[in-house]
Every structure is written in structure tokens, then in C-alpha cells.
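So the structure is just underneath, and the comments pick up after that.
Values below: all heavy atoms of this structure, side chains included; hydrogens, waters and symmetry mates excluded. Numbered from 1 within each chain, the chains take letters A, B, ... in sequence-line order.
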There are 2 protein chains.
Amino acid sequence: MAGEDAVGEGAAPPRIVEIARLAGVSPITVSRALRQPEKVAEAKRRRILEIVERTGYATNPHARALRSGQSNIVAAFVSNLQSEQFCLAVQGCGEVLEPQGYQLMIGQTSYSYAKETTMIQSLREMRPAAVMFTGVIEIEENRRALRALGIPIMETWAYPRDPIDMLVGFSNIDSGRLAAEHFAARGHRRVAFIGRRSGRGALRLTGFREGARAAGLDIVAELSVDGVSSMVDGRRALGDLLSRNAQIEAVFCANDLLATGALLEARRLGMRLPDDIAILGFGHNDIAEELPPGLTTIGIDSRDLGRQAGSMILQRMRGGMPSEPIRAVELTLARRGSS
Amino acid sequence: MAGEDAVGEGAAPPRIVEIARLAGVSPITVSRALRQPEKVAEAKRRRILEIVERTGYATNPHARALRSGQSNIVAAFVSNLQSEQFCLAVQGCGEVLEPQGYQLMIGQTSYSYAKETTMIQSLREMRPAAVMFTGVIEIEENRRALRALGIPIMETWAYPRDPIDMLVGFSNIDSGRLAAEHFAARGHRRVAFIGRRSGRGALRLTGFREGARAAGLDIVAELSVDGVSSMVDGRRALGDLLSRNAQIEAVFCANDLLATGALLEARRLGMRLPDDIAILGFGHNDIAEELPPGLTTIGIDSRDLGRQAGSMILQRMRGGMPSEPIRAVELTLARRGSS
DNA sequence: TTGTACGCGTTATCAG
DNA sequence: CTGATAACGCGTACAA
């Protein structure tokens, strides 16, 4: 309790030389006992590990990184920490990497190109072993800067032609097509879109347009939403939509938050789903399943995406190259009561 | 594309000696120009910073941490990454620390004591500059281990008598009392509780019992929920409650996820809120505001909690000690249609 | 299988 | 205000 100096002033942790001294071996043997156990004689190794255990010795990661040039930190950037799906992907990635001794450092880019640039500068300083994004990097300058880091880079959540290094994604354009096809199959003709006009939202809209054209649907409105979209935006957008055009039969929202807002607004106005209006979201959000009458939503298995990304990163960090540096995960439509 | 070795093999970043050489000074002067600019002559400093800028030099954090004993990593552990409020707190903390050059490393404890212990071991290895938890550490052994790290430790989200080092919290017991008082004020008598029987849930129940006794309410049921509680648990719990006792007038749910589930179930059963049943949650979740008729919820400003925690941590890392190492944030009740 | 010698890149210390 | 020197703790390279 009452230490020499002050509250919180702990004893200096033991160093490798101390363990070596206690075990009667040289420091390098301790190092080997921990990193390459098979290269140390059984008896010695056991004695060393016992002492390590007893003293609570832990390798200093800074010294290690400095000497070996290998950090055990993997940086993960989410576009938005509030997103259940992004967090799931990061968790999946962590599940794979942490048992292997890597630590995930999580940052947020907030869908902002400015932040993305700042973040890349901070990566230069941090020198992680690898980087993962829940998204793709679009600015060519940032792509170059990332490539120049010389470490494995994982992009996700989209399906560009030329990822920086590795990719586990899906086609946002396909998701829009899928939405249009679903509406067509359900017999809707006059449809609308609510979403952002940049990034993934734009791609989903592109696909939706293509699918609509192919299926002979009329896109009677495209509402754009700025910044990080929220439920309130969804409510408002649906309100706008209905006030200007009473003939809309179905709405595709670029994400489930918007769709949830739209669904709630529709219910508030006393509309019956899907008869008065059908609503389709994107993202497989938990909440989507629960809200009566249940939001139909297109999406992927985000945790699995994260796991795949993690194992590919791991492979690259170990010097290998995944046979498939670009992988696609499957899009599924979970049909509920709203469509 | 086709580098010497493999994709992603970037050029080695410049080191401090290189900058020193270009500027015609010694390495230590470069170091000072970056860390203690006021100690370097104006002209020299400008020249050095210009070169740093031009070359994209970034200090190697491992070498720095090794030599100075000061890491720029702050570890933040959330009980559950899926929690909007915990993430908000972590974001708030990051907002304060990141501009000062610190990096947040985020981990998850999953409400599991086993994981908590593992995590503390990994802290020994990581050697962060400080640690923050969205929660308090209860196991005495873990508390000791954390104290032994000799770094600033921040606990949050509760209000124990003896935090390990620093605390920004609120009384979970008070939140339960507040709930009971609210029900009493609204004229309800027969009330119930849904929540976990450990950790914060238990405290909220304790306060709820006290408040109920003081106000003369009858707690006619206490339903316990295991593990990480979900909306489905809330639905089921409300169903259970109603099937065994039709006389319940109001339910306090230990968190908004449970409350949301309960609210949805009540609506599904055609009950009117708050007349047939009043529902009160905890956590100020976004969704709570939107779901008709709007969930009444008790809670705090989590982002602000995080910011306060961040600035206290900062103060401690700089060698100071906050005048108030234990702070309380205010609990508020946001009244909506459900009560 | 084990050990010796050295260096990773930076900053503390102290002298100028 | 600036620089020389050494040291942080570990792991690589090589030798035994």
C-alpha cells in the first residue's frame, strides 16, 4: 500500500537479465525459451518458464519492436465506432489476431477525408505491423502513402478493382441491384432511394439504378443525406418523400439506421408495411429484426468478414501472401415484414 | 507493383540521424526541436522542422518508449464494444488524448472476470502510459495487479468507495432509487425489475429496492437475466412477467436494450404505454428516443464522462494529480412516452 | 544447444 | 543553446 514514492508507483518490472540470472543462463536463452521453445533444452526451458511465471516477467514490447523491427500492434480504423457492424468486424479480426499475440489499436475516421489523412500521418509514427480499414481508401495520395508504409494493408466493405494490398469485401453495387430485384419480385414499380451521395451510399444507388432499369422499375425519387446518417435523417427523408410524391410503393435505404427511421416514421403516420409502403435497409442490424413488423435488410456476416481479414493479415505478417488477396463475402437478404 | 521482394515493401523511413545530417546539427538537437522547441534557437528550429516536414520523418515510438520509459499508448477497455454508450465514452476520452499525441488502444472485457485477468496480463506486456475502463474492477487480485503497474488507472461508470486510482462515475444505486421515485411520482404501486444479478445490474436493483421501500411501492417481481443482455432477453422477460402476474403497473429495466425489448413486446401484445404498463430503461440510448411511444430512460452524458476521464488521465500522465481524483457525473431522467 | 558481441533509434545526463 | 556519450531491453548474427 504505502510505497516509497506515491500511490501508483509500482516496482520496476523484472527484465530479461534478471530472469537469466535467476535461471543461471544467458539472456538470449531466456529469449529463446519464450520465442522458439523448441531450440532450448527441455529442462532449462521448464526452469526458465517457471521463473517467468513466478516473477510475472513480460517482454518489453518496445525493446522487442526496436530490435526486431516487428511491432505487435495492428491498427484498425472504423469509419464510425457507433456502427454495430463495423465493431463486429473489428471484433472478428481481434479474435483471430489476439491469440497470436497481436494487439488491435482502434481508431475512427468519421467518414472524413481530412481525418483519413491525419490518420495516415499518425500511422507513420505508430509503425504498426499491419492496418485494417472498414472501408476502402479512395484518395490516390492516401493510397500511395499507405503503400509506402511497407506493411500489410487490409481494405474491406467494398469491392474495388485495385485494392492497395488485400481486400475482403462485397459489391455495394450488387446490393443495390439486389434491392431492385427484390422490389420487382414483390411487385413494386414506383420506388425510391434514401442515402448518402458519396462512398458506399453512392455505389448502392448506382446498383439500384441499374437493377431498376433492368427490371423496369421507376425510381421516382432519390433523397440524399449528408454526413453520418441517423434515424432522424431517415424519418425526415421519408417524410419529405411522402409529402412530395404520394405514389411511392417501396423505398431502399442505404443503411439500416436510415431504414429504421423511415420505418418508424411510416408507422407513426399509420401506414401499413409492406402494403402501403415497403422498406428495405442495408446492414443486418440487430434492431432491424426486432422492430415490428421487422425490417427487411440486405447485408453480410460482418464478424466473419473480420475473421477472414484477420487471418489474411496474419498470413501476410508472417511473410506469406494469401493465395487470394482479394476475397468476396456473400450478400444475403433477410426478409422480414417490411417488404 | 513489382518491388524487389514483394508487394508492400516500402523504403525505410528516415531516422533522426538523417535529419540531423541534413540540418547540419546533432541528433539530440533534432529531438529537442521536436519535443522542447523553446530550447532550440529559432533559426535552427525552423530549418529542422522544415526538413522534418519535407522528409516525412516520424519519431520511432518504440525507441522513444524504450529510452524515455514513456509510452504514448493509453489502453481503454470496454465491457462490450457493441454498447453505444461505452463507445461514446471511449470516443470522448480519445478526443482529449489524441490531440496530445496519445493513441488509444481499445480492448474488450466482455463482462468476464476471466477475460479481465487475461487482459491485465496483456497490460503488463503492453506497458501503456495509462489505462481506462468503462466499469470498475472488483476482484481484489486484479486491483492489486493494476496498481502494481504504476501507471494512471481510470475506472468509470460506478461509484465505489475506493477506486484503484481515479474515477469518473455515477451511483448505480442512485439510478435505481431515481427509477422508484419516478414510478411513485407517476402513481404506480406494483412494480418489477428486469436485469442482471451481478455488477451494475445488481446495484441498480439495490437502489430500486431502497427507493421502492421508501416510497411504499411493492416490488412484485425481480427477473434476472444472464450474460450480455439483449433485446430478446427483454422481450422474453416481459412475457414471463406478464404470464405470472397480471397486476404489474411498471417495470424498471437495468438497461435500454432490455427495456427496448420489453417495450416492443408490450406493444406487440397490444398494451398501451404507459397506461397498461410503464417501462423505464437505463442508458440514454439513441434508439430509446425513437421507438414509439419513446422510452423513458435514466442515464448520463457518456461522451462527457469520457472527456473528463481523458483530461484527468492526461493530468496524471504529466505527473500531476487531479485535485479531485474521484468525480461524479449527473444522472438525468429523460421522460418520453413509456412512463 | 548455448553464449558473445553488437546494434536497433532515441533521449537522459552532463559537460561545454 | 548545443553536443558527446551512454544507456534503455531485447534479439540478430555468428561463433563455440
Fill in: Angle of first-five versus last-five pair axes in the helix from C/dT1-D/dA16 to C/dG16-D/dC1, to 10 degrees
30°

Worksheet entry | Boundaries of the DNA chain D segment in contact with chain A, non-hydrogen, under 4.0 Å | D/dG9 to D/dT12

Response to the item:
For B/Val168 and B/Leu305, the nearest pair of non-hydrogen atoms, with its separation, is O-CD1, 3.7 Å

Item to complete: Provide the closest heavy-atom pair for B/Pro128 versus B/Ala75 in the form atom of the first, atom of the second, distance.
Response: CB-N, 4.0 Å

Discussion item. Between A/Arg46 and A/Glu50, does any side-chain N to carboxylate O distance fall below 4.0 Å?
Written reply: no

Worksheet item: Taking 4.0 angstrom as the limit, do B/Glu141 and B/Arg144 come out as a salt bridge?
Response: no

Discussion item. Under the salt bridge (Lys or Arg N to Asp or Glu O under 4.0 Å) definition, can you give me all pairs with a residue in residues 55-69 of chain B, not counting sequence neighbours?
Written reply: none

Discussion item. Applying salt bridge (Lys or Arg N to Asp or Glu O under 4.0 Å) as the test, list every pair that has at least one member in residues 76-97 of chain B; sequence neighbours left out.
Written reply: B/Glu95-B/Arg303, B/Glu95-B/Arg307

Worksheet item: Going by the angle between their ring planes, with limits at 30° and 60°, are B/Trp157 and B/Phe86 parallel, tilted or perpendicular?
Response: perpendicular

Practice prompt. Have a look at A/Leu66 and say if it touches a base, only the backbone sugar-phosphate, or nothing, with a 4.0 Å heavy-atom cut-off.
Written response: base

Between [atom2] of [N] and [atom1] of [X], the distance in whole Å:
X: A/His62; N: C/dT11; atom1: NE2; atom2: P; value: 13 Å
X: A/Arg127; N: C/dC8; atom1: CZ; atom2: P; value: 14 Å
X: A/Lys39; N: C/dG3; atom1: NZ; atom2: P; value: 15 Å
X: B/Leu34; N: C/dG9; atom1: CG; atom2: P; value: 17 Å

Tell me whether [X] contacts the main-chain N or O of [Y] through its side chain, where contact means a donor paired with an acceptor under 3.5 Å.
X: A/Arg45; Y: A/Pro37; value: yes
X: B/Thr156; Y: B/Gly169; value: no
X: B/Asp165; Y: B/Met154; value: no

Is there any protein nitrogen or oxygen under 3.5 Å from a nitrogen or oxygen in nucleotides 12-16 of chain C, and what are the pairs?
from   : atom 1 : to      : atom 2 : distance (Å)
C/dA12 : O4'    : B/Arg67 : NH2    : 3.4

Worksheet item: Sequence neighbours excluded, which residues qualify as side-chain hydrogen bond (donor to acceptor under 3.5 Å, both in side chains) partners of B/Gln315?
Response: none

Item to complete: Report yes if a side-chain nitrogen or oxygen of A/Ser26 is closer than 4.0 Å to either non-bridging phosphate oxygen (OP1 or OP2) of C/dT2; otherwise report no.
Response: no

Show me the donor-acceptor pairs within less than 3.5 Å that the side chains of residues 56-63 of chain B make with the rest of the protein, sequence neighbours left out.
from    : atom 1 : to      : atom 2 : distance (Å)
B/Thr59 : OG1    : B/Arg35 : NH2    : 2.8
B/Asn60 : OD1    : B/His62 : N      : 2.7
B/Asn60 : OD1    : B/Ala63 : N      : 3.2

Worksheet item: Do the side chains of A/Ile137 and A/Glu155 get nearer than 4.5 Å, heavy atoms only?
Response: yes

Discussion item. Can you list, in residue-number order, the parts of residues 118-126 of chain A that come under 4.0 Å of DNA chain D, counting heavy atoms only?
Written reply: none

Worksheet item: Which residues pass the salt bridge (Lys or Arg N to Asp or Glu O under 4.0 Å) test with B/Arg124, sequence neighbours left out?
Response: none

Fill in: By salt bridge (Lys or Arg N to Asp or Glu O under 4.0 Å) - contacts of A/Glu324 (at least two apart)
none

Worksheet entry | Residue-level proximity of residues 42-60 of chain A to DNA chain C when a heavy atom falls under 4.0 Å | A/Lys44

Discussion item. Quick test of your reading: applying side chain to side chain donor-acceptor pair (under 3.5 Å), list the pairs with at least one residue in residues 14-30 of chain B, sequence neighbours left out, ordered by first then second residue.
Written reply: B/Glu18-B/Arg21, B/Ser26-B/Thr29

